[in-house]
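All chains are named by letter (A, B, ...) in the order of the sequence lines, taking the proteins before the strands, and each is independently numbered beginning at 1.
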Amino acid sequence: MKIVTWNVNSLRARLPSILRYLDEYAPDVVLFQEIKMLTEMFPHDVFEERGYSTHAFGQKTYNGVAIIAKGNIEDPQDNVPTFEDVQARYTEAYIDGKVKVASVYVPNGEDLGTEKYAYKLRFLEAFESHLQDLLKEDVPLCIGGDFNIAPGDADVYDPKRWNEKRILCSPPEREAYQRLLSLGYIDALDVLNPSEDNTPRPEIFTWWDYRTRGWDRGHGLRIDHLLLNSQGHQLLKDGGVHRDIRGWERPSDHGPVWIKLDV
DNA sequence: ATGTCTCTGTTACAGAGA
């Protein structure tokens, strides 16, 4: 089973790329973020025509997450429980009763010290509590999404520039990320590509800023992740980032991150 | 490195968010 997480930065704008991606890479499950559309606007039919079942949790203009799967999407649940949020940032579901997947779009946080930064940290706190609850289930878990956190120096093209004073890299964000892992999850791409002495790993960067022409300059960060519980870890066979999609026409600023599970 | 892309509200751009 190939599982992909992909922040598409508007599913409507990206639909031609998404359909091409499905045709060329044939993923079994795709976890989308930033669909940027109302739930009722999700184009279920174009995915169903290609053999996918669907679940969307959207809102107007911003955010929004969705799941498509070759198997049956069962018992979908939207929102992080106990976290009051008007923004559509989380959904989870079982796939054929065999695995549970989640699609999360962690708040960006704008800049340190802002209200959006405080909201990001509150979101992560509630998310951590939920990930702990999920571990009670005896099922392989795959939590994928745009975490808007570069976990360490190996995950940025220039650690001197992307330092503790910058959003995506600040100690409170990185500590929150490590707490998620400490619950009992692995960062699949990190495990598959261990960093030698913290040197940057451009082959698994996932995001290149439009504004600084980051793709053209090779200025990327790794902020999209796939977390696995121990049952999921035992099934992990392979994984990577489909970076070439970032070079397609009208690309998202994020590339798809994929893993293969022996399911 | 205040730059680029996408959205909305309104119908050629400004403002928000990333």
Gap between atoms [atom1] and [atom2], on [X] and [N] respectively (whole Å):
X         : N       : atom1 : atom2 : answer
Ile18(A)  : dT6(B)  : CD1   : P     : 12 Å
Asp209(A) : dT2(B)  : CG    : P     : 11 Å
Lys36(A)  : dA16(B) : NZ    : P     : 15 Å
Met41(A)  : dC7(B)  : CE    : C1'   : 13 Å

Nearest listed nucleotide, side chain of [X], among [options]:
X         : options                 : answer
Tyr210(A) : dC5(B), dA18(B), dC7(B) : dC5(B)
Arg250(A) : dT8(B), dA18(B), dT6(B) : dT6(B)
Tyr62(A)  : dG17(B), dG3(B), dT8(B) : dG17(B)

Name the orientation of the base relative to the sugar in dT10(B): syn if the glycosidic angle is within 90° of 0, else anti.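 Anti, since the glycosidic angle lies more than 90° from 0.
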Can the ring centres of Trp6(A) and Tyr21(A) be said to be less than 6.0 Å apart?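 Centroid separation for Trp6(A) and Tyr21(A): below 6.0 Å.
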Aromatic contact between Tyr177(A) and His225(A), with the criterion being ring centroids under 6.0 Å apart: yes or no?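 Ring-ring flag for Tyr177(A)/His225(A): true, centres closer than 6.0 Å.
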Within the structure, does a side-chain N or O atom of Arg213(A) lie under 4.0 Å from either OP1 or OP2 of dC5(B)?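 Checking dC5(B) against Arg213(A), no side-chain N or O comes under 4.0 Å of OP1 or OP2.
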Quick one: is dG17(B) close enough that its OP1 or OP2 comes under 4.0 Å of any side-chain N or O from Lys60(A)?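 Checking Lys60(A) against dG17(B): no side-chain N or O falls below 4.0 Å of OP1 or OP2.
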Where each residue is assigned the nucleotide of DNA chain B containing its nearest heavy atom, which of Ser10(A) and Glu34(A) is assigned the position nearer the 5′ end?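 This one resolves to Ser10(A).
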Using a 6.0 Å distance limit plus a 45 degree cone around the ring axis, check whether Lys70(A) lies over the aromatic ring of Tyr52(A).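 Flagged: Lys70(A) positioned over aromatic ring of Tyr52(A).
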Pairwise [atom1] distance, [M] and [N] [rounded to whole Å]:
N       : M       : atom1 : result
dT11(B) : dT6(B)  : P     : 23 Å
dT2(B)  : dC13(B) : P     : 25 Å
dA12(B) : dA18(B) : C1'   : 24 Å
dT10(B) : dG15(B) : C1'   : 13 Å
dG3(B)  : dC7(B)  : P     : 22 Å

What nucleic acid atoms does Arg14(A) come within less than 4.0 Å of, heavy atoms only: base, sugar-phosphate, or nothing?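 If one applies the 4.0 Å heavy-atom cut-off, Arg14(A) turns out to touch the sugar-phosphate alone, with no base involved.
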Assign Thr61(A) to base, sugar-phosphate, or nothing according to its heavy-atom contacts below 4.0 angstrom with the strands shown.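 It contacts sugar-phosphate atoms only.
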Looking at Glu115(A) and Arg122(A), does any basic side-chain N land under 4.0 Å from a carboxylate oxygen?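 Answer for the salt bridge query: yes.
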Go through Asn9(A) and Lys36(A) one step at a time and tell me if the side-chain hydrogen bond (donor to acceptor under 3.5 Å, both in side chains) criterion holds. CA-CA 7 Å; Asn9(A) 183 23; Lys36(A) 291 187 169 178; 2.8 Å; yes
